[in-house]
2 protein chains.
Amino acid sequence: MTTIRGARERARAEVTAAIKDEARRRLAKEGAVKLSLRAVARELGMVSSALYRYFPSRDDLLTALIIDAFDAVGEAAESALAEGPSGDGGAADHVARWVAICARVRAWALAHPHEYALIHGSPVPDYTAPMSTTGPAARVALSLISVLRDAHEDGVLIPPAPAANLREEDRRLVDEFAPGLPPGTGVAIVAAWAQLYGLISFELFGQFNRVVEARDGLFAHATTHLAHDVGLST
Amino acid sequence: MTTIRGARERARAEVTAAIKDEARRRLAKEGAVKLSLRAVARELGMVSSALYRYFPSRDDLLTALIIDAFDAVGEAAESALAEGPSGDGGAADHVARWVAICARVRAWALAHPHEYALIHGSPVPDYTAPMSTTGPAARVALSLISVLRDAHEDGVLIPPAPAANLREEDRRLVDEFAPGLPPGTGVAIVAAWAQLYGLISFELFGQFNRVVEARDGLFAHATTHLAHDVGLST
DNA sequence: GGGAAAGCAAGAGCACTGCTCTCTTATTTG
DNA sequence: CAAATAAGAGAGCAGTGCTCTTGCTTTCCC
């Protein structure tokens, strides 16, 4: 998309990438709180003030890492969607794809705990996510919606009944994020989306320690249940 | 429980409380990341090194605040349980109490976002919650279990069918945390517990921004659904 | 091509942090 | 009353984000 013109811009792109790589490495190792600009610069053999030519503040570096993390987990979800069974178009296939997406997201989170915490843990105080993060942030949700759309086209989607006082909200959600899907799916998928991350966060942030043992099984069971809730029945 | 013997011990208790109060105030205002021992000491008119006589490290202060936060949200849940309808013992009453507990927890979280983030956001790196936090941490879950127990005693609990590969885990969970409840409720309540916090976290951490508008309605709808999932039907 | 403009690295410096150490003073205990 | 103990005060260390000034190099434009 962007053609690199001179040697200077090429160098700039390379240094920027190197900074992000090193920052991601330190993030994965020690977490966002301990991510220090000075340490990144030191590791790269540059002085700390030089780093500010590339990222005007620590928050800007974090924002770049947040976008990368959203993209990474989004890509995981999309690849799970692509690789899933597209067999006879039966309801079971769609449930399987839904569960597969959830499982892939969970696996990514367990493999990249600090990056997951960066995007779904406590937001940094005084930090409001800029608009540039909203696109990548939606990719997982869009993958889930995609499963519903396929099921709907195959005629096996049984849309849940929308609560009476949520009909308007549901219509707005469907119009804006999942056009074409039947009423009731809007609020259902938003709720399922949030609850999916509740399951992952509790496991990742240690809330299941000394409580839940069979975590794989529990997660598979719960996400299958969520599939039912959004209208994908076996 | 502890009798304060001399003037010195009385002073120590007072200073410890003052430190915790001031720390809680700053936590509520600026968040855990920006909570600084020096600022707390400054505000209290003492020098920073003196504070280390009361809390050996910043993590120990945070641990104290974590326990307080768990107790606060646990107390909110328990008061919602106590104040809820105990009327005719019908299924609707139990659903109402379940939903009321969830709503009270959510209200507490919205009123104390930084304290909520402290206990349910990203764990501080290299920080493992000590055993002393596990007791207070369980109070919300115990309140939810309490509703199930009452419903069971009233004979209106319809336990969900446990997944085949989770029967053992379910029995273990029931035995350890909810003795007397029928099979199936163990995994169901753990899943519902995690999903409840997914709903709250998504709202609180801004994931619903520019997406969900009718948040009260969505939350009430979703938690009612969770009640059904654990065997409380209307 | 040569001069002006812009981009970049380096270093010093500010205000802040958690934490340690020593020294002095006040309190409790034997 | 004397010894032991606890508390406060201050200096200091290593680290942080960020700013500013000083040179140097690359790019742009006439």
Side-chain angles (χ1 to χ4, degrees), chain A residues 2-20 22-23 25-27 29-66 114 118 123-128, chain B residues 2-20 22-23 25-27 29-66 114 118 123-128:
Chain A
T2 48
T3 49
I4 295 176
R5 300 195 300 187
R8 183 165 243 165
E9 292 196 24
R10 163 169 284 117
R12 184 175 177 75
E14 276 175 14
V15 174
T16 305
I19 292 171
K20 263 177 41 171
E22 179 60 29
R25 214 169 300 135
R26 299 194 75 85
L27 166 67
K29 206 189 298 175
E30 321 188 61
V33 178
K34 290 200 172 179
L35 177 67
S36 120
L37 288 186
R38 292 181 110 111
V40 170
R42 207 179 305 130
E43 203 70 21
L44 262 49
M46 54 182 1
V47 85
S48 72
S49 61
L51 210 149
Y52 284 82
R53 300 270 169 195
Y54 300 89
F55 294 93
S57 82
R58 187 177 179 276
D59 273 1
D60 290 88
L61 217 196
L62 279 181
T63 299
L65 295 181
I66 287 173
H114 286 118
L118 189 62
V124 182
D126 302 334
Y127 175 83
T128 50
Chain B
T2 46
T3 48
I4 297 177
R5 299 196 300 187
R8 184 168 243 164
E9 292 194 24
R10 162 171 283 116
R12 189 176 221 298
E14 276 174 16
V15 174
T16 305
I19 291 171
K20 264 178 41 171
E22 179 60 28
R25 215 169 298 135
R26 299 193 76 85
L27 166 66
K29 207 189 299 173
E30 322 188 61
V33 177
K34 290 198 172 179
L35 178 67
S36 118
L37 287 186
R38 291 180 109 111
V40 170
R42 210 179 302 131
E43 203 71 19
L44 262 52
M46 55 184 354
V47 86
S48 70
S49 60
L51 209 150
Y52 284 82
R53 302 269 177 203
Y54 299 88
F55 294 93
S57 81
R58 186 176 179 276
D59 273 2
D60 290 271
L61 217 197
L62 279 180
T63 299
L65 295 181
I66 287 174
H114 286 119
L118 188 63
V124 183
D126 303 334
Y127 176 83
T128 48

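Every chain is numbered from 1, with letters handed out A, B, ... down the list of sequences.
Here the C1' atom of nucleotide C:dC19 and the OH atom of B:Y52 are 5 Å apart, to the nearest Å. Across the protein-nucleic acid pair, A:E43 atom CD and D:dG15 atom P stand 14 Å apart, rounded to whole Å. Per the geometry, CG belonging to B:L61 stands 15 Å off C1' belonging to C:dT17, to the nearest Å. The CZ atom of A:R58 sits 11 Å away from the P atom of D:dT16 (whole-angstrom rounding). Summarising the geometry, the separation between CZ on A:R42 and C1' on D:dG15 is reported as 8 Å, rounded to the nearest angstrom. Between the C1' atom of D:dT16 and the CZ atom of A:F55 lies a distance of 19 Å, rounded to the nearest Å. For the pair A:L35 CG and C:dT17 C1', the computed distance is 17 Å after rounding to whole Å. To the nearest angstrom, C1' of D:dA6 lies 17 Å from CZ of B:R10.
Applying the side-chain contact (heavy atoms from CB on, under 4.5 Å) rule to B:R25 yields the partners B:D21, B:E22; only residues at least two apart in sequence or on another chain are considered. The side-chain hydrogen bond (donor to acceptor under 3.5 Å, both in side chains) check on B:T16 picks up nothing, with sequence neighbours excluded. Qualifying salt bridge (charged side-chain N to carboxylate O under 4.0 Å, His left out) partners for B:R12, counting only residues two or more places apart in sequence or in other chains: none.
No side-chain donor from either of B:D60 and B:T63 sits under 3.5 Å from a side-chain acceptor of the other.
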How does each nucleotide of nucleotides 4-14 of chain C score, in 5' to 3' order, for protein heavy atoms under 4.0 Å: base (B), sugar-phosphate only (S), or none (-)? ---BBBBB-B-
Side-chain polar contacts of residues 35-51 of chain B - donor-acceptor pairs under 3.5 angstrom, sequence neighbours left out - could you list them?
unit_1 : atom_1 : unit_2 : atom_2 : d
B:S36  : OG     : B:R38  : N      : 3.4
B:S36  : OG     : B:A39  : N      : 2.9

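A:H114 is not listed as a side-chain neighbour of A:L118, based on a closest heavy-atom distance of 4.5 Å or more.
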